[in-house]
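Structure first, commentary second.
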There are 2 protein chains.
Amino acid sequence: MRSIGALGKATNTKVETIRYYERIGLLAPPQRTDGNYRTYDDEALARLSFIRRSRDLGFSLDQVRALLSLTDQGTQDCKTVDRIARDHMAEIERKIADLIALRHELSTMIESCGGGNISECRIIEALSPFDN
Amino acid sequence: MRSIGALGKATNTKVETIRYYERIGLLAPPQRTDGNYRTYDDEALARLSFIRRSRDLGFSLDQVRALLSLTDQGTQDCKTVDRIARDHMAEIERKIADLIALRHELSTMIESCGGGNISECRIIEALSPFDN
DNA sequence: CTTGACCCTGTAGTTGCTACAGGGAGCATA
DNA sequence: TATGCTCCCTGTAGCAACTACAGGGTCAAG
Ligand SMILES: [Zn+2]
Ligand SMILES: [Zn+2]
Ligand SMILES: [Zn+2]
Ligand SMILES: [Zn+2]
């Protein structure tokens with residue numbers, strides 16, 4: 001049994017974040033001490049670790065919730081899990097492609113700037129409509 | 001002169017977003033008709049286009065605000081503009097690198113899943129702590 | 001004169017936290 | 001016992017950048 005602060009240190013999570021996860025139903029309300037302090041067992045530690053690792057991999061809290069409930073139910077097969085992971089991966093791919101396109105646009109813009117007065121800065125021009 | 005709806009269509013911006021930009025001081029309060037409708041001139045159209053293009057390129061509203069005030073002032077030279085653009089570019093590069101690392105982790109995880117019962121799904125295992 | 005498309009203000013919701021404010025608990029030290 | 005100090009409690013509000021109502025008013029067409 002450990003306090004919320006100890007759990008936070010063990011999982012690299014702020015205390016407020018842990019309470020937030022409890023509030024939104026991602027973590028079960030833990031037992032309390034006589035002084036009304038939360039105490040966490042190893043299962044809670046494992047669960048929070050799972051959540052944090054999933055978050056680090058970019059899954060949304062809703063996706064994490066889904067993954068948790070699938071493991072809780074011990075569902076027959078892992079098709080849904082795979083589905084969630086693959087969907088997320090596709091989203092990451094899209095983001096990468098978007099950002100690479102963006103980088104290209106930005107670098108073209110930046111390279112065109114020769115310094116000097118702002119009224120002839122190519123960056124500003126590139127951002128402005130009705131170029132002339 | 002055009003209505004807020006027309007301006008929205010011309011710049012691919014939702015009406016609520018335009019009002020939001022006004023509220024936070026990014027767009028000046030426009031003139032009003034007798035019936036209290038906002039009306040926008042070409043300058044407002046140009047300004048909103050600039051904002052939208054900057055946003056599409058991923059600049060934050062604070063950065064957009066800075067870019068706008070620099071052009072408004074007709075500042076001597078464009079050093080600050082270039083600085084903002086380069087900072088943003090560096091941020092994009094960081095995001096790309098992060099996402100590529102993420103994609104690698106995710107794809108390793110996903111490929112390891114052979115289908116079957118969730119209790120032996122490698123995705124879940126990869127997310128769980130204390131692997132054994 | 002009614003219908004429908006548009007506009008108005010003001011407020012609250014979204015995501016995933018983070019930061020107080022204003023108190024209580026628990027332990028060590030003087 | 002008193003005084004700190006660190007931790008914990010609840011509840012609320014803030015961040016970015018919108019988005020979505022609710023409950024009305026305006027205006028042109030038919
Ligand atoms: Zn995702
Ligand atoms: Zn320049
Ligand atoms: Zn940026
Ligand atoms: Zn699997």
Looking only at the side chain of A/Glu16 (C-beta and beyond, no hydrogens), which of the listed nucleotides C/dC20, D/dC8, D/dA20 gets closest? C/dC20

When you get a sec, tell me which of D/dA17, D/dC21, D/dC9 is the closest nucleotide to the side chain of B/Ser60? D/dA17

Is the shortest side-chain N/O distance from [X] to OP1 or OP2 of [N] below 4.0 Å?
X	N	result
A/Tyr37	C/dG24	no
A/Tyr21	C/dC17	yes
B/Thr17	D/dT19	yes
B/Arg38	C/dC7	no

Classify [X] by what it touches in the nucleic acid, base, sugar-phosphate, or nothing, heavy-atom distance under 4.0 Å.
X	result
A/Arg55	sugar-phosphate
A/Ile24	nothing
A/Ser3	sugar-phosphate

Can you measure [X] atom [atom1] to [N] atom [atom2] for me and round it to whole angstrom units?
X	N	atom1	atom2	answer
A/Leu26	C/dT15	CG	C1'	13 Å
A/Tyr20	C/dA19	OH	P	15 Å
B/Arg19	C/dT9	CZ	C1'	8 Å

Where each residue is assigned the nucleotide of DNA chain C containing its nearest heavy atom, which of B/Ala6 and A/Lys14 is assigned the position nearer the 5′ end? B/Ala6

Using a strict 4.0 Å threshold on nitrogen-to-oxygen distance, state whether A/Asp62 and A/Arg65 make a salt bridge. yes

What I want to find out is whether B/Asp98 reaches A/Lys95 closely enough, with some N-O distance under 4.0 Å, to be called a salt bridge. no

With a sphere of 6.0 Å drawn around CD of B/Glu93, does it hold more than 12 non-hydrogen atoms of other residues, nucleotides or ligands? yes

In terms of the nearest nucleotide of DNA chain D, which residue is placed more toward the 5' end: A/Arg23 or A/Tyr40? A/Tyr40

Connected via hydrophobic side-chain network under 4.5 Å: B/Ile124 and A/Leu70: yes

Would a 4.5 Å heavy-atom cut-off, applied to side chains only, mark B/Thr11 and B/Tyr40 as touching? no

